[in-house]
Structure formats: C-alpha cells, structure tokens
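One structure is given here, and the rest of the page talks about it.
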Amino acid sequence: MKDVVVTPEVAKEHGLTADEYARIQATLGRDPNITELGIFSVMWSEHCSYKSSRIHLRKFPTKGPRVLQGPGENAGIVDIGDNLAVCFKMESHNHPSFIEPYQGAATGVGGILRDVFTMGARPIASLNSLRFGRPEHPRTPFLVEGVVSGIAGYGNCIGVPTVGGEVFFDECYDGNILVNAFTLGVVRHDRIFRGYASGVGNPIIYVGSKTGRDGIHGATMASGEFDEKSEEKRPTVQVGDPFTEKLLLEACLELMKTDCVEGIQDMGAAGLTSSTFEMASRAGTGFIMNLDQVPQRETDMTPYELLLSESQERMIIVARRGREQEVLDIFEKWDLDAAVIGEVTPDGIARLLMNGVTVAEVPIAAVTDEAPIYDRPAERPAWQDDLNRLDLSALPAPSDLSESWLALMSCPEMADKKWVYRQYDYMIRTNTLVAPGSDAAVLRIKGTRKAVAISSDCNPRYCYLDPFVGGMLAVCEGARNVACSGAEPIGLSDCLNFGNPERPEIMWQFRSAIEGISKACEALAIPVVSGNVSLYNETMGKGIYPTPTVATVGLLEDADDRLVSWFRAEGDRVFLLGGDRVDVELGGSLYLKEVHGRVAGVPPAADLDHEKRLCAFIKAAASKRLLASAHDLAEGGLACALAESCITRPDGPIGAVVSNPFPESVRPDFALFSENQGRVLVSCGPANVAALLEAASEHQLHISQLGTVGGDAIVIADIARLNVAETHKAWCEGFANALGFGE
Amino acid sequence: MKARIYVTLRKGVLDPQGKAIQRSLSHLGMEGVDEIRVGKFMEVTLGEMTRPDAEKLLDDACRRLIANTVIEDYRFEIEG
Amino acid sequence: MKARIYVTLRKGVLDPQGKAIQRSLSHLGMEGVDEIRVGKFMEVTLGEMTRPDAEKLLDDACRRLIANTVIEDYRFEIEG
Amino acid sequence: MKIAVLVFPGSNCDHDAYHAIKHVLAADAQFVWHKEGSLDGFDGVVIPGGFTYGDYLRTGALAKLSPVMGAVRRFADSGGPVIGICNGFQILLESGLLPGAMIVNESLKFICDYVTLRTETARTPFTRSIPEGTRLRIPVAHYQGNYFADDETIRRIEGNGQVVFRYCDAGGNVTPEANPNGSIGSIAGICNEKGNVLGMMPHPERCTEPEMGSADGRRLFESMLSHIKENAR
Ligand SMILES: Nc1ncnc2c1ncn2[C@@H]1O[C@H](COP(=O)(O)OP(=O)(O)O)[C@@H](O)[C@H]1O
Ligand SMILES: [Mg+2]
C-alpha cells in the first residue's frame with residue numbers, strides 16, 4: 001500500500017472526481033500520498049460529508065425551548081424537565097444489510113446505540129423502520145429473516161428493548177432494502193458529553209475492540225450505487241459483537257461519572273479518521289496520533305488500513321491531562337482494550353505517525369469544513385404528471401366490499417407484525433408501558449411520573465406521488481401517533497433515504513421532502529434535532545421511492561395519561577375526530593395498491609393547522625382521562641383503523657358497529673378506504689360522552705359520534721361487515737403467510 | 001452415504017466467540033491456546049446417490065443455505 | 001502447533017437447527033439429505049508445547065469448558 | 001436482610017431484578033460483581049438474565065467460570081435461597097447446580113412474549129406462598145430455553161418433585177401449543193433436590209407492577225423474602 005503512487009486514476013477509484021482531486025492538490029500544495037488520499041476520500045464521501053444534502057438540511061427548524069442539542073453532534077437532545085433530557089437519533093444501514101442482512105442490520109443497531117451513549121445517555125429504547133421488496137421476490141424472505149434476527153441478535157444481547165417500528169413492502173425495494181434504526185436514551189443535563197477534542201496537550205485514548213481490516217471502504221460503499229461488482233466488495237462486511245458493545249456501554253457510562261472526559265465520540269463510518277477529524281474540527285484544534293499504538297487484531301496493518309477500518313465497537317476519548325490512568329483502569333475492569341494513541345495540539349493540523357515516521361499531515365479544516373458542497377440541479381420530472389393522474393370514476397367497484405376489506409387486513413403491510421417484534425426483547429429494563437402493537441410505544445422514565453412515546457413513520461407511496469406533501473404527512477402521522485398515546489410531540493429525528501442525487505429528479509424529490517418536513521415541523525412546533533441521509537439507494541439505475549422516515553418523540557408528564565389504540569370495553573362509544581374531511585382521497589392509498597394494483601394520483605392533503613389542534617385536543621382529553629382509546633386513521637382509511645381497534649385488543653378481539661361518516665353520494669368503497677388525513681378514531685365510556693363533546697368544541701375540533709363497541713362483528717353502516725374472529729385470524733397470519741414463513 | 005461439512009469464518013472476519021473462549025481458557029489458568037476460531041461442523045446422512053451427485057448436492061446446499069459465503073468458507077468430505 | 005476440536009450433539013439430543021436445515025433444503029428442491037446434525041468445529045493455534053501436553057490441555061479445555069457433556073461429545077486432532 | 005444481584009459481563013436484567021426487589025418490594029438489594037469470591041452477609045441470591053459473555057460457546061458456559069460461582073455453590077450448599085432467571089438458569093445448569101441443559105428454541109427464533117405458567121410445587125422458598133396449581137402470567141424472552149435432560153434425569157426430577165413450573169394454556173392445561181420453546185415436559189423451571197435453588201426461563205422480575213402487564217412475578221420475590229424472614233427468626 002505504501003508504495004502506491006497517487007495518480008488521478010487512483011483518486012477516481014477512491015470515488016473522488018477530477019475537480020475534487022485538484023482541490024486536494026491545491027490545499028496541500030502537493031500530491032497527497034495514499035494515506036492522505038484515503039482520508040480525503042472517506043471524509044469527502046457522501047456518507048461523511050453530506051456534500052449533496054447539506055445545503056438543504058439547513059432548512060429544517062432545529063430550535064425550540066426544549067432543544068439542548070440540535071443536529072451536528074452524534075445525537076440530538078431534548079429537555080424533558082427535572083434536569084433530565086432524551087437523546088435520540090435515527091440512522092440507516094441500508095447497503096450493508098442488503099449484502100449481509102444479519103450483520104448489516106446488527107451493526108446498524110450497534111452504531112446507533114453508540115451514537116446515543118457517546119453523549120452520556122443510557123439507551124432505553126430502539127425502533128426499526130424496515131422496507132423490503134415484494135414479499136414474493138425470491139430474496140425478500142431471506143432478507144426479512146436476516147434483518148430481523150440481526151436486529152434481535154444485537155438489541156436483545158445488549159439489553160435495550162426494541163419497542164416499535166415499521167415494515168413495508170414494495171417492488172421498488174427489491175434491489176435495495178432500507179434498514180433504519182433509531183435509539184433513544186435518557187441523560188441528566190449535567191452529564192451531557194460531546195465530541196470535542198479540546199484542551200491542548202490532552203491525551204487521545206482509543207477504547208473498545210481491536211482494529212481489524214473490517215469494512216475498509218464501507219463509507220464509500222454506502223455512497224456508491226449498487227452494481228454487479230458490489231459482490232466483490234463482500235469481504236469488507238463488518239461483524240458486530242454486541243457483547244463487547246455492552247461492556248463498552250457500561251464502561252463509558254461509568255467513566256462519565258468521573259470528570260476525566262473532555263470529549264468522546266464513537267467510531268462509525270470511516271472509523272478512526274472521521275472520529276478524530278470531526279472532534280478536532282468542532283474544537284478548532286489539531287492532533288498528533290501514533291497509529292502503531294492502535295490496538296490491532298491483525299498483523300501488518302498499514303496506516304491507510306488503520307485509518308479507514310470500520311471495525312465495530314470502538315470509541316475515541318479525549319481525556320483531561322493526567323487522568324489517563326483512571327480511564328485505562330475502568331476499561332481494564334470491563335476487559336476492553338484501551339490505549340493512549342495521541343494528543344491534542346493547537347495548530348489545526350492532523351499529524352499521523354507510524355513508528356515515529358510521519359505518514360500523513362493534513363490541515364483538519366481542509367478535510368472537514370472545506371469539504372465540497374454541491375448544489376445539485378433539481379427538477380421535477382416530466383413523468384410526475386402522469387403519475388398524478390387518477391380517474392377514480394374509472395375504477396371498477398369490487399363485487400364484495402367485505403372481502404376487499406379482509407384482504408387489506410391480511411396484506412403484509414397491514415397485517416400483524418408480531419412475527420417480527422416477538423423476536424425483539426421489547427420489555428427488558430421494565431419501562432415499556434405500551435409495547436409494540438399500538439400507535440406508538442410508551443416508556444416510563446423511572447424515578448419520575450413521566451413517560452415518552454415514540455413512533456417511526458413514512459408512507460413512501462405518498463412521497464413518490466408528491467415528495468413535498470409526503471414529507472409533511474410523515475411528520476403529521478408521527479405527531480398523531482404520539483398524540484394518540486397521550487403525549488405531546490417534542491422532537492424528531494429523520495432518516496432520508498433517496499436515490500442517486502446526481503439525477504435532477506432525485507434531487508427534486510429530496511429537496512421537496514425536506515421542505516415538506518420542515519413546513520410541517522414548523523407548523524407543529526416540532527424541532528428536528530438529529531438525522532441521517534442515505535443517498536444512492538438504487539440498483540442498476542432504478543431508484544427507490546423517496547423514503548424520508550421520521551421518528552417522533554413525545555412526552556407525557558404523567559405516564560398514567562397514556563392511551564392505547566384498541567377498544568377497551570363493550571358499550572364504549574366510538575367517535576371520529578376530523579370526520580368532516582369527506583373529499584375522497586385515494587391517491588397512493590393501500591386500497592388502490594392492494595385491490596387495484598396501482599400507485600397513482602395525488603396523496604391526501606395535509607392541513608397543518610388542523611393537525612396541530614387535533615394533537616393538542618387528544619393530549620388534553622387524555623390528561624382529563626376522558627378517552628378509553630385513540631387510533632389514527634392511516635393506510636386503509638376508516639375501515640382498516642376501525643378493524644385494528646377491534647382486533648388488536650390484548651384481552652381478545654371485540655366488535656363494533658359504526659355509521660358511515662361520508663355523504664351517501666360517495667361510493668361505498670371510497671368511503672371505507674379513503675385516506676383523508678387528520679382523522680382519529682377515539683372511544684370513551686358512556687359517562688364521559690358529554691365532557692368529550694364539550695372539550696372538542698372548546699378545541700374547535702370536529703367530532704362525530706360513530707357508534708358503539710361490542711358484539712362479534714365489525715360493522716360499517718350497511719356497507720360492509722366482518723366477523724371479528726375471522727378478521728383477527730387473517731390479520732394474525734397475514735404476514736407469515738405472505739412471506740412463506742408458515743409451518 | 002455419510003458426509004461431513006465444515007464451515008469456517010473467512011480470514012480477517014472477526015470471531016467474537018473465539019476471542020471470548022480463548023480469554024476464558026486463560027482465566028481458567030489453561031495457558032497455551034493462542035487463538036481459537038469457531039466454525040460449524042455437520043454430519044450429514046445422504047440417501048442413495050452417486051458420488052458426483054452427492055458432491056453436487058452438498059456444494060449446492062453449502063452455497064445456497066448452509067454457509068454464509070459473505071463471511072464464511074466451507075468444505076466437505078464424503079465418506080468412503 | 002495447530003489442532004482441531006469437534007463438538008457434536010449426543011445421540012438422542014434434539015437438534016432443531018439440523019432439522020430446520022434439512023427441511024429448508026427440501027423446500028429449496030434439494031432432495032437426498034436424510035439427516036443433518038449440527039455441531040461445532042474449532043481451529044486452535046497452540047503455543048510451543050509437547051504433544052502430550054497439548055493433548056492434556058485440549059482434553060482439559062474440552063471437558064471443563066468447550067463441550068457440555070450433558071448434551072455433547074467432543075474429540076480433537078492435533079496436526080502433524 | 002440483603003439480597004445479592006449478581007452482575008457478570010453481559011448481564012442485562014440485573015437492573016430489573018434490583019428494581020423489583022429494592023423499589024417494588026422495598027427490600028435491600030445489592031449488585032455483586034462476578035469477580036467477588038464471597039457472598040457473606042447475603043440472605044438470598046439472584047442470578048439475573050442477560051447474555052453473559054454474549055452467549056458465546058453456549059449460554060451460561062463462560063459465566064460458570066467466574067469466581068462468584070464458587071461462592072454461589074457454597075451459599076446453595078448451606079441452604080440459602082438462589083434463583084437463576086433465564087440466563088441465570090442457564091448458568092446454574094452449566095455449573096451443575098441444576099440438572100440438564102438448554103438448547104435452542106424449537107422455532108430457532110428468539111421469543112419475547114407473555115406465557116402462562118402452572119406452579120407445580122410450593123416446596124421452594126420462591127413458591128412457598130404460591131399454592132400448587134396456581135397459574136402465573138409471566139413473560140419469557142429467550143433464544144435458548146428449550147430444556148433438555150436424558151430420560152433418567154427427567155424421571156428423577158419428576159419423581160422428586162423438582163419441576164417447579166410448566167408452561168400451560170390460560171386454563172392451566174399443559175399442552176404442546178402452550179409450550180413456547182419445545183422444552184421436555186413443558187418444563188419452565190426446576191429446583192435442586194433440596195429445593196433452595198430455583199432456575200426458571202420466564203422473568204418474574206419483569207412483572208412485579210401491574211403497569212408492566214402483570215404483577216404475578218412479585219409473588220416469587222415475596223415468597224423469598226418471607227422465607228428469609230422466617231428462617232432468620
Ligand atoms: N419492525 C418493527 N419492529 C417492531 N415493531 C413493529 C415493527 N413494525 C411494526 N411494528 C409495530 O406494529 C404496530 C403497527 O405498525 P404500523 O402499521 O406501521 O403502525 P402505524 O400505522 O400506527 O404507524 C406498531 O405498534 C409498530 O410499532
Ligand atoms: Mg398509527
């Protein structure tokens with residue numbers, strides 16, 4: 001490796017354009033050597049530099065009275081009162097999971113956990129948002145099995161409950177699945193740590209696993225489109241070791257109780273390089289690093305390999321001078337490797353030495369702040385118009401509506417995800433008040449009366465048909481889901497999964513989605529405090545649906561205010577909030593896709609002002625203990641939401657009889673499955689009806705009484721009717737059946 | 001017909017399990033084990049078939065199911 | 001010095017993994033595998049020592065840690 | 001009265017056991033690091049669940065070598081109450097304090113879910129206030145909870161009344177459908193001959209408060225505490 005002469009061709013192989021290479025030569029005033037080229041190439045990769053996305057990400061509203069840490073750190077932090085805060089982030093591990101589903105997903109979980117505990121927070125819950133290809137694609141069941149067991153394998157072992165997520169199937173993910181992992185931790189205000197290499201003369205300490213040749217080029221792989229050749233990149237997959245991560249977690253949290261730590265950061269993509277350069281860049285310092293001191297698993301590793309390795313379960317700590325022994329002792333107790341490998345310097349230069357010989361010397365700002373930023377051309381594609389055309393009157397009406405309804409309930413997108421979450425330990429740490437299966441998971445914060453609600457959401461069909469509206473709706477759905485749990489949304493993390501940004505239509509999708517998310521977040525006063533961008537999600541030129549997943553975090557001041565989405569008791573009354581929204585909206589709907597095999601039209605409209613009042617109302621009603629349940633209407637409209645509220649009840653499914661909120665002139669199939677937004681199905685005991693109606697009018701919210709809980713059928717006026725037990729069975733078995741996981 | 005399949009981790013792939021075992025052995029005072037890599041070993045009973053057919057079957061089985069060739073190597077032996 | 005350890009499930013002990021592999025193979029259309037039993041295979045690198053010492057060390061390691069004799073049998077080979 | 005909650009590298013239900021004993025039952029609990037060689041001064045021992053040593057090699061196999069396990073053996077020999085939960089049960093099996101072994105679930109999948117247990121004997125310190133036949137709703141969360149022992153061992157433990165819990169359906173019937181992992185005899189928990197050492201796959205520490213979905217687990221800890229109190233007198 002040492003002997004490789006750097007030429008423009010070598011730079012190109014490293015994913016650098018001719019312009020970028022010229023820029024490196026200009027800043028250095030010479031040709032870089034291979035080690036330096038390696039540094040630039042990973043740091044300037046899309047994954048690390050955000051070069052195509054940065055200018056757009058600035059549009060997010062990131063401030064708010066509760067925000068203690070916005071984007072730019074390892075994770076965002078939001079105040080929840082009483083000197084406590086929640087720290088959270090969502091991140092993608094798409095490409096590695098497609099190549100090796102178990103290890104890819106597992107190391108994705110490992111990475112996001114480190115992002116959270118590196119800030120001093122103890123992780124208390126994780127979510128996972130998964131998108132796979134068609135269930136009948138030959139590779140899909142294999143990928144589903146692998147990804148789910150990888151998430152389980154890592155999360156269960158480290159002892160952080162996985163409490164929710166999404167699973168979505170569509171042909172557009174056949175060759176490029178999405179695996180987005182989210183973790184939330186709890187931290188005391190006075191124990192927040194950041195990734196700063198401050199304090200000249202302070203030691204830089206490496207802790208965790210030894211370094212091997214794992215995942216070299218991982219960062220560039222995550223930023224390159226898949227092609228036939230990616231097979232060759234296989235041996236670079238990283239293997240996760242959740243056991244070591246558990247030790248690392250405990251050791252770091254123990255260390256953080258001392259005052260030895262100046263700054264700390266995990267080694268994620270581009271390992272040692274990105275962690276050290278980013279820490280120095282934030283602090284405006286430089287460093288000297290002796291690469292030979294790095295604990296190594298393999299022999300004869302070159303500086304290039306040591307700097308670019310993506311071995312897992314490693315962290316960098318900048319300790320206070322003179323305190324290094326205390327740090328080393330704690331890691332020794334936990335059987336982890338730890339070594340002083342360098343020192344903070346004042347001059348803004350990174351000097352890397354191997355056995356006393358300088359092997360690279362580069363200005364830190366040149367690599368970080370001065371990384372290229374692109375304002376890539378963005379243009380709405382011409383085909384978007386065709387896509388948005390949908391003539392509903394030409395849609396054949398199904399002969400048996402109840403049958404279509406049952407088919408939707410058992411399709412893998414709607415069906416019970418228990419096959420998935422039963423493999424996740426969702427109750428460890430005994431905080432899980434609402435387990436997977438409701439609109440959001442709710443976790444108590446021990447030692448307080450508080451709880452947090454978390455949900456991850458995105459409807460990729462909506463985003464495909466209109467990325468701006470789709471982005472808004474993702475935020476609205478997240479807010480509604482946490483509100484339906486009795487919480488107030490207080491912050492959000494996003495994971496933006498898109499195709500190749502060098503194509504103007506992808507850039508248009510990307511920009512529009514961000515604008516949509518921003519607009520909704522502003523209107524709902526939900527700050528974006530962290531996130532992640534994953535571009536180049538395509539296979540052989542075919543992009544995925546734009547998929548900006550958002551993870552919404554809500555706060556309950558009193559955990560006993562929490563709500564669930566299922567009906568509780570026979571005789572309870574059923575109401576629809578927002579039921580005056582009666583224009584048929586079937587663009588991008590589940591009904592259109594599953595029953596008519598089409599993805600077309602325009603997505604439902606977003607009414608942000610209404611959503612805001614809706615969320616405020618549910619929270620108010622929850623804290624007055626007026627409601628027995630609340631469930632937002634999403635895919636499949638009223639019919640599917642109603643059936644879910646009936647059959648997800650843990651004490652056993654129960655029926656309900658409701659009226660049709662649409663005017664009679666509306667076609668019955670449209671009334672059942674129209675996906676108008678801003679609607680929530682709530683139930684309450686008969687004694688609370690008057691108070692509920694009054695509260696709704698105070699909040700100027702439209703509420704209509706629809707019917708009553710009870711019986712053994714789910715009935716919508718005289719339009720359609722399902723047998724509870726049969727529906728429950730179809731819904732329970734749908735997922736495994738679609739994927740061929742049945743016995 | 002009997003066969004044996006060996007599945008081992010590819011060179012350079014982290015073996016956390018082997019690492020943990022090796023460390024425990026030395027905690028037990030059993031020094032002298034420098035490295036240990038853990039793989040799988042399978043004993044297979046095959047139906048009546050020719051040797052070439054058995055070879056093809058085993059190779060297929062390993063490639064498509066038994067070994068994860070992204071991180072593992074495999075080999076097999078047919079008895080007799 | 002190199003050695004190999006084989007750990008196999010004892011007769012009569014259920015092997016859900018082996019059964020699942022066998023079932024999957026036949027789902028994949030690969031017929032002819034009548035039974036498959038999954039065990040462990042370890043490649044061990046030993047420090048400098050005599051063969052009898054190595055034998056003693058490996059036997060100790062297997063008995064005390066590497067195999068659970070309630071459900072497993074073990075054997076080992078020393079190279080060379 | 002003081003209860004030890006052991007902590008091994010990779011234990012992860014230690015905090016839950018501690019919380020249940022200390023905060024829910026208001027008894028004294030203390031973490032004990034696996035390198036401790038003594039359990040002097042403790043009146044009960046909890047070996048919590050988790051993935052000690054990452055479950056590498058076999059569940060519980062590496063943890064049995066920790067110094068504290070010698071102390072656990074002495075504590076058990078002297079008649080002190082010991083409960084191993086999930087991975088703690090696996091450690092007790094590996095160390096030979098309880099008979100048998102654990103293999104991977106029949107489904108080859110990790111299972112996290114509530115199950116129903118039938119209490120088979122009230123002879124242990126942990127079930128003394130739970131009459132035989134009582135049904136308990138308690139969660140399981142494991143990948144290797146498929147209990148195995150050879151025929152003779154099974155005959156012996158059945159004969160001695162060492163089977164403490166079995167998986168059953170809501171009506172208390174032991175059926176194959178109610179068995180989540182394939183365990184022989186639907187065995188969910190066993191004790192040693194003396195009865196003072198209990199190993200069980202389900203997690204009583206996860207259900208000591210009603211908001212966790214069930215508070216049935218609390219009864220095991222209450223039993224243990226009352227046993228300790230009585231024996232101290
Ligand atoms: N991958 C997953 N992991 C854990 N829980 C999941 C997963 N996918 C779905 N769930 C759970 O299943 C329930 C239904 O999911 P979904 O239909 O996406 O909810 P919603 O439409 O309310 O957002 C939720 O409680 C969700 O958290
Ligand atoms: Mg919802």
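Note on naming: letters A, B, ... go to the chains in the order of the sequence lines (proteins, then strands), and numbering restarts at 1 for each one. The figures that follow rest on heavy atoms only: side chains count, while hydrogens, waters and symmetry mates do not.
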Could you please spell out the steps behind the side-chain contact (heavy atoms from CB on, under 4.5 Å) verdict for C/Asp34 and B/Leu46?
CA-CA 5 Å; C/Asp34 290 349; B/Leu46 297 169; over 6 Å; no
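- With rounding to the nearest 0.5 Å, the separation of OG1 in C/Thr8 from CE in B/Met42 is 13.0 Å.
- Here the straight-line distance linking atom OG1 of B/Thr45 with atom CD of C/Gln22 works out to 9.5 Å at 0.5 Å rounding.
- The candidate with the highest count of non-hydrogen atom pairs below 4.5 Å against chain B, out of C/Glu48, C/Lys40, C/Met49, is C/Lys40.
- Side-chain contact between C/Ile36 and B/Ile66 is present, with at least one heavy-atom pair separated by less than 4.5 Å.
- Considering only heavy-atom pairs separated by less than 4.5 Å from chain C, the leading option among B/Leu57, B/Val38, B/Leu58 is B/Leu57.
- Taking the six-membered ring for Trp and thresholds of 30 and 60 degrees, B/Phe41 and C/Tyr6 have ring planes more than 60 degrees apart, a perpendicular arrangement.
- In this structure, CD on B/Glu43 lies 8.0 Å from CZ on C/Arg37, to the nearest 0.5 angstrom.
- Interface remark: C/Met30 contributes backbone and side-chain atoms alike to the contact with chain B (heavy atom separation under 4.5 Å).
- Summarising the geometry, atom CG belonging to C/Leu65 is positioned 11.5 Å from atom NE2 belonging to B/His27; distances are rounded to the nearest 0.5 Å.
- C/Glu35 contributes atom CD, which lies 7.0 Å from atom NZ of B/Lys2 (distance to the nearest 0.5 angstrom).
- If you measure heavy-atom distances from B/Glu31 to chain C, the contacts under 4.5 Å come from the backbone alone.
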